[in-house]
Amino acid sequence: MKNNREVIRHCPHFYTIINFEYYSNDIVSEKLIEVYEKFIFSCDMNELESISKVEKLDTVLYKYITDYSFREQVKLDINNVRVKRGENVLETIVGTIINYFDNYEKTKCRKVQVTRWI
C-alpha cells in the first residue's frame, strides 16, 4: 500500500491515463496502458533511476493520450519493436516508447502543419 502511494505521488497523470477511453479495436492503446500499469508498480521506488523512468513514462503516455499526431506515430512505429531473447520485455518496450517521445519532441517544431480556415 505504501508503494502504491509513492507511485501515485510520482505519476500526476495516473488516473487520466488509466481512465482513457480508447476504441474497442485499439489494441495498441490497451496494451500500452497495461505496460504502463505493470511497469510503474513493478519499479523499486527507492532508486532514483527507477523514479525518473516512471515519471518520464507518465509524461510520455499523457502525451500519447492528449496528442493525436504523436499517438498515430507511436501506433505506426510500435509494430517494429523487437525484443531479444533474455531481455526484459517491459524495460525494452518502455525504453522504446521513451525514445519515440524524445525523437518526436526533437522533430515536432520542424514539421509545419498547414491548416485551412473555412
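Hydrogens, waters and symmetry mates play no part in the numbers below; they use all other heavy atoms, side chains included.
- Contact annotation: the side chain of Leu90 approaches that of Lys38 to within less than 4.5 Å [non-hydrogen atoms, C-beta and beyond].
- Between atom OG of residue Ser42 and atom CD of residue Glu37 there is a gap of 11.5 Å, rounded to the nearest 0.5 Å.
- Hydrophobic clustering, with ILVMFWY side chains joined whenever heavy atoms are under 4.5 angstrom apart, keeps Ile27 apart from Ile33.
- In this pair, Tyr62 and His13 present their aromatic rings parallel. The plane angle is below 30°, not in the 30 to 60° band.
- By the neighbour-count criterion of 12 heavy atoms within 6.0 Å, atom CD1 of Ile18 is densely surrounded, having more than that number from other residues, nucleotides or ligands.
- Here CD1 of Ile93 is found 6.5 Å from CD1 of Ile78. Values are rounded to the nearest 0.5 Å.
- Put simply, NE2 on His10 and CG on Asp58 are 11.0 Å apart, with the number rounded to the nearest 0.5 Å.
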Applying salt bridge (charged side-chain N to carboxylate O under 4.0 Å, His left out) to Lys56 and Asp102, what does each step give before you reach the verdict?
CA-CA 10 Å; Lys56 183 74 171 186; Asp102 291 339; 3.2 Å; yes
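- For the pair Thr92 and Asn88, the tightest heavy-atom approach, listed with the atom from each and the gap, is OG1-O, 2.8 Å.
- Remark: the backbone N or O of Asp77 is paired with a side-chain donor or acceptor of Tyr100 at under 3.5 angstrom.
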List the steps and the verdict of side-chain contact (heavy atoms from CB on, under 4.5 Å) for Phe20 and Tyr22.
CA-CA 6 Å; Phe20 177 62; Tyr22 48 85; 3.8 Å; yes
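- To the nearest 0.5 Å, atom CZ of residue Phe101 and atom CG of residue Leu61 are 10.5 Å apart.
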Where do Lys53 and Glu91 land on the side-chain contact (heavy atoms from CB on, under 4.5 Å) test, with the steps shown first?
CA-CA 10 Å; Lys53 273 191 177 180; Glu91 288 283 336; 2.7 Å; yes
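- Around the CD atom of Glu21, the shell of radius 6.0 Å holds no more than 12 heavy atoms that belong to other residues, nucleotides or ligands.
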Dump the intermediate steps for side-chain contact (heavy atoms from CB on, under 4.5 Å) on Tyr64 and Ile17, then the final yes or no.
CA-CA 9 Å; Tyr64 176 83; Ile17 294 169; over 6 Å; no
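- With hydrogens and angles ignored, the 3.5 Å screen pairs a side-chain donor or acceptor of Asn19 with a backbone N or O of Tyr15.
- Within a 6.0 Å sphere centred on CD of Glu49, other residues, nucleotides and ligands contribute 12 heavy atoms or fewer.
- Counting only heavy atoms from C-beta outward, the side chains of Lys63 and Glu105 approach each other to under 4.5 Å.
- Under the 4.5 Å side-chain criterion, counting only non-hydrogen atoms from C-beta, Val74 is in contact with Leu32.
- Side-chain atoms of Ser29 never come within 3.5 Å of backbone atoms of Asp26 as a donor-acceptor pair (strictly under, hydrogens ignored).
- A donor-acceptor pair is defined here as one N or O able to donate and one able to accept, closer than 3.5 Å; no such pair exists between the side chain of Ser50 and the backbone of Asn46.
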Step by step, would you call Ile97 with Tyr36 a side-chain contact (heavy atoms from CB on, under 4.5 Å)?
CA-CA 11 Å; Ile97 295 168; Tyr36 171 76; over 6 Å; no
